[in-house]
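Values reported hereafter were calculated over all heavy atoms of this structure, with side chains retained and with hydrogens, waters and symmetry mates removed.
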2 protein chains.
Amino acid sequence: AGAGAGAGAEPGPGAPFPLSSVRLRRLLRDSAREKAAFVHGGPSGLWGDTDAVLILEKTPFQEEKIEELLRKHTKLELQMANDIYSTYRLYPPPELSEIKTTVVYPATEKHLQKYLRQEVHLIRESWEDYKNITLPFIQSQSFSIQWVYNILEKKAEADRIIHENQDPSNGFVLVPDFKWNQNQLYDLYLIALVQRRDVKSLRDLTAEHLPLLKNILQEGKEAIAKRFGVPGSQLRIYLHYQPSYYHLHVHFTALGYDAPGTSVERAHLLADVIDNLVLDSSYYQKRALTFALRADEPLLKKFQEAGRV
Amino acid sequence: AGAGAGAGAEPGPGAPFPLSSVRLRRLLRDSAREKAAFVHGGPSGLWGDTDAVLILEKTPFQEEKIEELLRKHTKLELQMANDIYSTYRLYPPPELSEIKTTVVYPATEKHLQKYLRQEVHLIRESWEDYKNITLPFIQSQSFSIQWVYNILEKKAEADRIIHENQDPSNGFVLVPDFKWNQNQLYDLYLIALVQRRDVKSLRDLTAEHLPLLKNILQEGKEAIAKRFGVPGSQLRIYLHYQPSYYHLHVHFTALGYDAPGTSVERAHLLADVIDNLVLDSSYYQKRALTFALRADEPLLKKFQEAGRV
């Protein structure tokens, strides 16, 4: 890629991009929910073989244009009718169907990778899978969690601590998550990091940890109500499995905020975890757990090598 | 609302809805992230003052139409250019900018409330709460599920059935969900509706239902792999609690698709439900279950009256 070797009139970065003559090289990623597509494209002709990334995104509805949209449709097709429900395909006139288009040109390999979607695979991990595949993998990794220890030892972010229980077995520190800028409450996001360093994840939990977990649930809610005015009934409190680092931590997010990582194949409500451990101390050393792995994650390769995917 | 008092030619539920002459009464809710709008509308003229809910949703991009979209735009406006980045407003021709439109007509106050944006509260429902609050509430409601029976009896949508197991106890029908337009696989969404009519929700399930649940898991995956080429490891298969209607059904969505209703406070993986019932036949008649209720939902009022919120 780069400015390219084409002779003659190849325009530089400042010139308008010939959007109409773009050839689709690859669909990097699309988001059906957000009605967006990330495209690896290249202009044809004079512009040579330089790469571009195009981001197409349909725009939200504007309230004041909705009646016009319904009135001025160019075509309307009934798809389905059942009782009081019916669905249609409605084709609006061009002026009412803007697409926001972002062009990155010239794009490097790094830009392309940034937008490329990885395939995801669902794993249903039995306890045996955990012992034979996941645990050896975690132990072979030396992902640093020094940043967690820095917080626990007040070597970093000491001024950000919202609540602290210093008990070495049953204590924890509550801090705002990096993803939350604390400017507004609708995307509130905090993390409780446990003081003890011998609990990697959900898989290690037994009834021994109930006092710790109950402290996090109770004191975490109280601290957030006191500091931010958000009651416990408006909080989603959960663990991830797999977590992104293997030092036990609990997520607190605003219930109305559709935060990443809240879906059923990754999140486990702390209240459910507590009830399961009350029911059976070795619940998490028995039960199969489901999680998704992206195609480029090394743990997926381990499951594939073991013939479990 | 209802069929209304208008004299003369007012059409019934079966007649085509006069979408072009709809008046916007209120915007119930919009989702900027999902490019969707939920509208309280009413037809004008002969149709009187009955209410309708209209759900407008822009459709995802189709990969094979993207080049055409770029080539055939009717207008293109440069908004911003900075170094390698530039943004445009692109106006596509009507045939490339479908809007999925769902009409609920006539709509009752309940339908309007369902789509109106509200504050949410988390409920942790014990089995006693279920028996004393939730179950009497469900029984007092008469939300029609005629549309489900229409599908099971082949009175509607018969041509949309993807798979069917006719066993009256352990059988089910698999159909595309209304929300999926079937144009692309990445927002794949299907629903399995059980044949038997005596299972309201997760709360009714015991080990007796294991053959039914295993059929849905196994045959559902196979049918989707066969028809759409999507393997089971790329599917999220789950129940909702609370469900939006009390006839047992199971959701199948593409794993890569962040579908609404997949979050941990509502979704229960079918594989987990099966394992829980194997562990303990009365698991769902013992365990507390968490769900969120919007401020206007009558069930929340019942929990408030009982002092449980």
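At a threshold of 4.5 Å between non-hydrogen side-chain atoms, the residues B/Pro176 and B/Tyr189 do not count as touching.
Using a 4.5 Å cut-off between heavy atoms, A/Val104 touches chain B through backbone and side chain atoms alike. In this structure, the portion of A/Glu119 lying under 4.5 Å from any heavy atom of chain B is its side chain and not its backbone. Heavy atoms of A/His268 lying under 4.5 Å from chain B belong exclusively to its backbone. With a 4.5 angstrom heavy-atom cutoff, A/Thr59 touches chain B via backbone and side-chain atoms both. Residue contact with chain B, scored on non-hydrogen atoms closer than 4.5 Å, is absent for A/Lys75. Of the atoms belonging to A/Asp258, heavy atoms from both backbone and side chain fall under 4.5 Å from chain B. Both the backbone and the side chain of A/Ala288 come within less than 4.5 Å of a heavy atom of chain B. Only the side chain of A/Leu69 comes within contact range of chain B, with heavy atoms under 4.5 Å apart. For A/Leu289, no part lies near chain B; criterion is any non-hydrogen pair under 4.5 Å. Residue contact with chain B, scored on non-hydrogen atoms closer than 4.5 Å, involves the side chain of A/Ile66 exclusively. With a 4.5 angstrom heavy-atom cutoff, A/Arg266 does not touch chain B via any of its atoms. Proximity to chain B is limited to the side chain of A/Leu76, based on heavy atoms less than 4.5 angstrom apart.
A salt bridge (Lys or Arg N to Asp or Glu O under 4.0 Å) check over residues 58-67 of chain B, counting only residues at least two apart or in different chains, returns nothing.
Between B/His73 and B/Tyr91, the gap from one ring centroid to the other reaches at least 6.0 Å.
Put simply, the side chain of B/Arg160 never gets that close to the backbone of B/Val175: no donor and acceptor are under 3.5 Å apart.
For the ring pair (Phe, Tyr, Trp, His ring centres under 6.0 Å) test, no residue two or more places apart in sequence or in another chain qualifies with B/Tyr257.
Cation-pi geometry between A/Arg29 and A/Phe38 is satisfied (NZ or CZ under 6.0 Å from the ring centre, within 45° of the ring normal).
Ranking B/Ile99, B/Asp30, B/Asp187 against chain A, the residue ahead of the rest is B/Ile99, based on heavy-atom pairs under 4.5 Å.
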